[in-house]
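Here the structure is laid out as structure tokens; the discussion comes afterwards.
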Amino acid sequence: NSFRTAAQIIAERATMAVDDSYTAFTAGGIKVIHPTTGAVKELAEIGDILGLVANTDNFFGPWYAAGGLRRGVVKDAVGVVNNFGSTGQTADLNLLSNRQVNCMIQRHGQVVFWNNVTALLSESHLNQISIRRFLIWLKKSLKPTLEKALLQPNDPVTWKALYFEVKPFLDSLKSKRALYDYAWQGDQFAKDLSSLQVNDRTDVGRGKYKARLLLNIIPGILEIGVDLVITRTDVSFEDFSINFDAL
């Protein structure tokens with residue numbers, strides 16, 4: 001329910017046996033102007049959130065978070081029902097985030113979808129909605145290429161062809177800011193069955209082939225810190241370095 005207090009939302013979240021990265025909780029609600037009567041109407045936020053997600057996918061990519069001041073602004077809303085983003089409710093917003101609840105808030109005069117957390121309880125890359133959605137999208141994107149290799153001869157020629165077909169696509173994800181880097185670990189460069197590194201010779205003989213795709217995914221920024229340091233007048237900034245661990 002979008003129209004409850006932070007304490008009520010947190011209490012309800014505690015009763016839910018949901019601990020996975022395929023689920024996300026939202027709260028906050030939005031206020032819009034009725035197109036006919038002109039009256040202010042309160043609505044749940046989920047419809048606008050789905051719109052933000054679709055817009056982000058279309059113009060940026062599913063690995064981008066569909067929130068924040070760059071991609072999370074709801075332009076047709078005039079306010080929120082429960083503004084957990086106000087200065088006086090910062091503590092509530094943090095508590096909701098720590099309980100895996102994303103909020104629609106009002107910030108800098110704009111209605112904004114805030115946060116990017118899944119319902120996963122343990123610390124993981126999969127705590128971020130954008131990372132889980134990217135992995136779903138990546139599996140779907142790779143499937144047609146992988147299926148083209150089915151029923152081809154199970155030998156290094158096919159494995160190498162498969163590798164060089166997926167490589168440009170994976171390389172493009174680095175330039176598109178989805179991945180820091182990746183590694184495709186298979187036997188695409190094996191000369192024969194005696195030089196297999198990843199696959200088992202018996203499995204290959206049974207028509208099975210596998211590769212491991214290691215991903216170093218770029219996450220969304222969840223926290224930014226700035227240290228204000230006052231220096232002496234005789235200190236040159238070019239020579240000044242900060243030991244953050246000592247601060």
Side-chain angles (χ1 to χ4, degrees), residues 1-121 123 126-134 136 219-226:
N1 191 322
S2 300
F3 312 137
R4 297 185 180 183
T5 65
Q8 290 172 325
I9 295 170
I10 290 171
E12 184 174 353
R13 169 67 179 106
T15 66
M16 297 181 180
V18 179
D19 178 15
D20 69 66
S21 62
Y22 291 92
T23 304
F25 297 111
T26 65
I30 62 170
K31 294 180 180 180
V32 298
I33 300 297
H34 194 283
T36 303
T37 65
V40 176
K41 185 176 179 62
E42 296 182 350
L43 301 172
E45 69 288 332
I46 187 63
D48 286 87
I49 291 172
L50 293 176
L52 293 172
V53 169
N55 189 68
T56 299
D57 285 0
N58 187 40
F59 291 102
F60 297 92
W63 51 90
Y64 278 82
L69 293 169
R70 292 188 180 272
R71 290 175 298 280
V73 176
V74 182
K75 296 182 179 180
D76 62 345
V78 297
V80 294
V81 180
N82 293 328
N83 187 21
F84 298 114
S86 66
T87 303
Q89 291 189 282
T90 300
D92 284 341
L93 185 63
N94 290 335
L95 285 172
L96 288 166
S97 178
N98 291 334
R99 301 304 192 281
Q100 303 85 43
V101 180
N102 306 274
C103 291
M104 193 72 78
I105 68 171
Q106 195 155 355
R107 184 67 58 88
H108 302 303
Q110 301 180 98
V111 174
V112 185
F113 181 49
W114 205 255
N115 224 330
N116 182 38
V117 293
T118 68
L120 187 67
L121 296 175
E123 289 293 328
L126 296 178
N127 290 125
Q128 295 203 18
I129 297 171
S130 54
I131 291 180
R132 168 47 72 195
R133 296 191 69 250
F134 168 60
I136 293 172
I221 297 177
L222 299 181
E223 181 179 335
I224 296 178
V226 176

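- Each of L93, L96, T26 was scored for a side-chain contact (heavy atoms from CB on, under 4.5 Å) with V101, with one residue passing: L96.
- Once rounded to the nearest 0.5 Å, the distance linking OG1 of T5 with CD of Q89 reads 9.5 Å.
- Side-chain atoms of R71 and L52, non-hydrogen and from C-beta on, never get closer than 4.5 Å to each other.
- A 4.5 Å side-chain heavy-atom check between L120 and N127 finds at least one atom pair inside the cut-off.
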Side-chain donor/acceptor pairs under 3.5 Å, residues 62-69, sequence neighbours excluded:
residue, atom, partner, partner atom, Å
W63, NE1, K176, O, 3.0

**OP:** Please step through side chain to side chain contact (heavy atoms under 4.5 Å, CB included) for the pair L222 and Q128, ending with a clear verdict.
**Re:** CA-CA 9 Å; L222 299 181; Q128 295 203 18; 3.6 Å; yes
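- The closest donor-acceptor contact from the side chain of N82 to the backbone of A6 lies at 3.5 Å or more, if one exists at all.
- Side-chain contact between I30 and V81: absent, with no pair of heavy atoms (C-beta onward) separated by less than 4.5 Å.
- Residues A24 and I129 approach most closely at CB-CD1, 3.8 Å, considering heavy atoms.
- Atom CG of residue D76 and atom NZ of residue K31 lie 15.0 Å apart, to the nearest 0.5 angstrom.
- Using a 4.5 Å heavy-atom threshold, the side chains of V32 and D48 count as separate.
- Within the 4.5 Å cutoff, side-chain heavy atoms of R133 are placed close to those of V53.
- The two residues N83 and Q106 come nearest to each other via the heavy atoms OD1-N, 2.8 Å.
- Formation of a donor-acceptor pair under 3.5 Å by the N58 side chain with backbone atoms of A54 is not found in this model.
- Annotation: the span from N116 atom CG to I221 atom CD1 amounts to 12.0 Å, rounded to 0.5 Å.
- Under a 3.5 Å cut-off, the side chain of Q100 and the backbone N or O of N98 do form a donor-acceptor pair.
- When atom types are taken as modelled, the side chain of D92 and the backbone of F84 share no donor-acceptor pair closer than 3.5 angstrom.
- A heavy-atom distance below 4.5 Å is not found between the side chains of E45 and V74.
- Taken to the nearest 0.5 Å, the CG atom of L50 stands 12.5 Å off from the CG atom of N55.
- For the pair R13 and F25, the cation does not sit on the ring face, since its NZ or CZ is not both under 6.0 Å from the ring centre and inside 45° of the axis.
- Side chains of N115 and C103 form no contact here, defined as non-hydrogen atoms less than 4.5 Å apart.
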